[in-house]
Every structure is written in C-alpha cells, then in structure tokens.
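Everything on this sheet refers to the single structure shown next.
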Amino acid sequence: MDETLLAAYRATTYRVRLARGGWAAIHIDAPLPSELLALVGTDCWSVLTAWNPHSELRSRADNRDAQHRLLSELKTCCEAIVAAEGVGSSWREASLFATGPDTTTMDTYARRYRQNAYVHGKAAGPAMLRIL
C-alpha cells in the first residue's frame, strides 16, 4: 500500500451512529470514545466496510449490495453491529462497527470483501489500523 493511501486511512474519522442520535468519532491511535464503552465492554471491536474494494471506486449500487452481504455475514458472529462511516477529506464510505470477533475472524471478512485495511481495538484501548 502506498504512503498516500496509508496516510488517508490514518487521517480518516470513523464515525459510529449512537442509539440516541449523533455520532461517536473514532480516530487511529486514540482510545475508544466513552460513548461506545457500554456497547463494547471488554470485547474486541472493529470498523469494517465492503465499499470500494482495494480502494477502487465502484458504483453505489454495487457498494450497497456488498455492504448488505457483509452485514448479513457479520450477524452470525457479532455481539452487536452498528451503522458507521469512514469520513475522509473528500469522501465517505458506509461502514459497520462490530463487537465480539477478534482480528483473526475480522481478517477473514476484510479479505473476503477485498479491503486493504480496517480499524480494530479491544475494550477502551486505542483504535488501531490493521493493514492486510
């Protein structure tokens, strides 16, 4: 992965929809926002998308179809799944905030949906960029 793309991933704000409205913002290397602690507890968590595999633009319809498939698959292994989005300087992608599975499991999904990387952490610990 080139340095420009890596820098874009690291600069992205990963926003998670809150149950009572609004968003919690996750940033790489920063602790999990306090608004998400009750949802996560001591579990592992991840922010993953099926949009734009290998950072190559696809149609909105193709992205939505892939995202629905990912959501369906995650429902079989996750404690909780919440709508999220990655927001960069000139783009945004629908994402999912999932609790429960460790990186071994989430790596499988990320590879299946041809993602270069995803965000993960454990409990209140820092958000880490997992590069595949």
Would you confirm whether [X], through its side chain, and [Y], through its main-chain N or O, come within 3.5 Å as a donor-acceptor pair?
X     : Y     : value
Asp2  : Leu5  : yes
Thr76 : Ser72 : no
Asn63 : Asn52 : yes
Thr49 : Ala94 : yes

What closest approach, in Å, do [X] and [Y] show between heavy atoms, and which atom pair accounts for it?
X      : Y      : result
Gly86  : Ser95  : N-OG, 3.6 Å
Arg58  : Ala50  : NH2-O, 3.9 Å
Gly121 : Met128 : CA-CE, 4.2 Å
Ser46  : His120 : OG-CB, 3.8 Å
Leu129 : Ala117 : CD1-CB, 3.8 Å
Trp45  : Gly125 : CZ2-O, 4.3 Å

- prompt: Looking at Arg17 and Glu85, does any basic side-chain N land under 4.0 Å from a carboxylate oxygen?
  reply: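 Here Arg17 does not pair with Glu85 in a salt bridge, since their nearest N and O are not under 4.0 Å apart.
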- prompt: In Å, rounded to the nearest 0.5 Å, how long is the span from CZ of Phe97 to SG of Cys78?
  reply: 10.5 Å
- prompt: Does Arg10 have any salt bridge (Lys or Arg N to Asp or Glu O under 4.0 Å) partners at least two apart in sequence or in another chain, and if so, which?
  reply: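 Per chain and number, Arg10 pairs via salt bridge (Lys or Arg N to Asp or Glu O under 4.0 Å) with Asp29.
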Test item: Gln67 and Glu93 side chains (from C-beta on) under 4.5 Å apart, heavy atoms: no
- request: Side-chain contact test, heavy atoms from C-beta onward, threshold under 4.5 Å: evaluate it for Arg130 versus Val119 and give yes or no.
  value: no
Among Val82, Leu39, Leu36, side-chain contact (heavy atoms from CB on, under 4.5 Å) partner for Leu18: Leu36
task: Output, in order, the C-alpha distance, side-chain angles, deciding distance and verdict of side chain to side chain contact (heavy atoms under 4.5 Å, CB included) for Asn116 and Tyr9.
output: CA-CA 10 Å; Asn116 293 325; Tyr9 287 163; 2.9 Å; yes
Cluster overlap Leu6 with Trp91, hydrophobic side-chain contacts below 4.5 Å: no
- request: Give the intermediate values and the outcome of side chain to side chain contact (heavy atoms under 4.5 Å, CB included) for residues Leu37 and Leu32.
  value: CA-CA 7 Å; Leu37 292 178; Leu32 187 71; 4.0 Å; yes
- prompt: Hey, are Asp43 and Thr99 close enough side-chain-wise for a donor-acceptor pair under 3.5 Å?
  reply: no
field: Connected-component partners of Tyr118 among ILVMFWY, side-chain separation under 4.5 Å
entry: Leu48, Leu70, Leu71, Leu74, Ile81, Leu96, Met106, Tyr109, Tyr113, Leu132
query: How is the hydrophobic cluster of Trp23 composed, in terms of its other members, when Ile, Leu, Val, Met, Phe, Trp and Tyr link through side-chain heavy atoms under 4.5 Å apart, directly or indirectly?
result: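 Once heavy-atom contacts under 4.5 Å are chained together, Trp23 still belongs with nothing else.
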task: Take Thr13 and His27 through the side chain to side chain contact (heavy atoms under 4.5 Å, CB included) test and state the conclusion after the steps.
output: CA-CA 6 Å; Thr13 299; His27 298 277; 3.1 Å; yes
query: Is there a side chain to side chain contact (heavy atoms under 4.5 Å, CB included) between Gln115 and His54 once you walk through the steps?
result: CA-CA 5 Å; Gln115 297 301 305; His54 296 301; over 6 Å; no
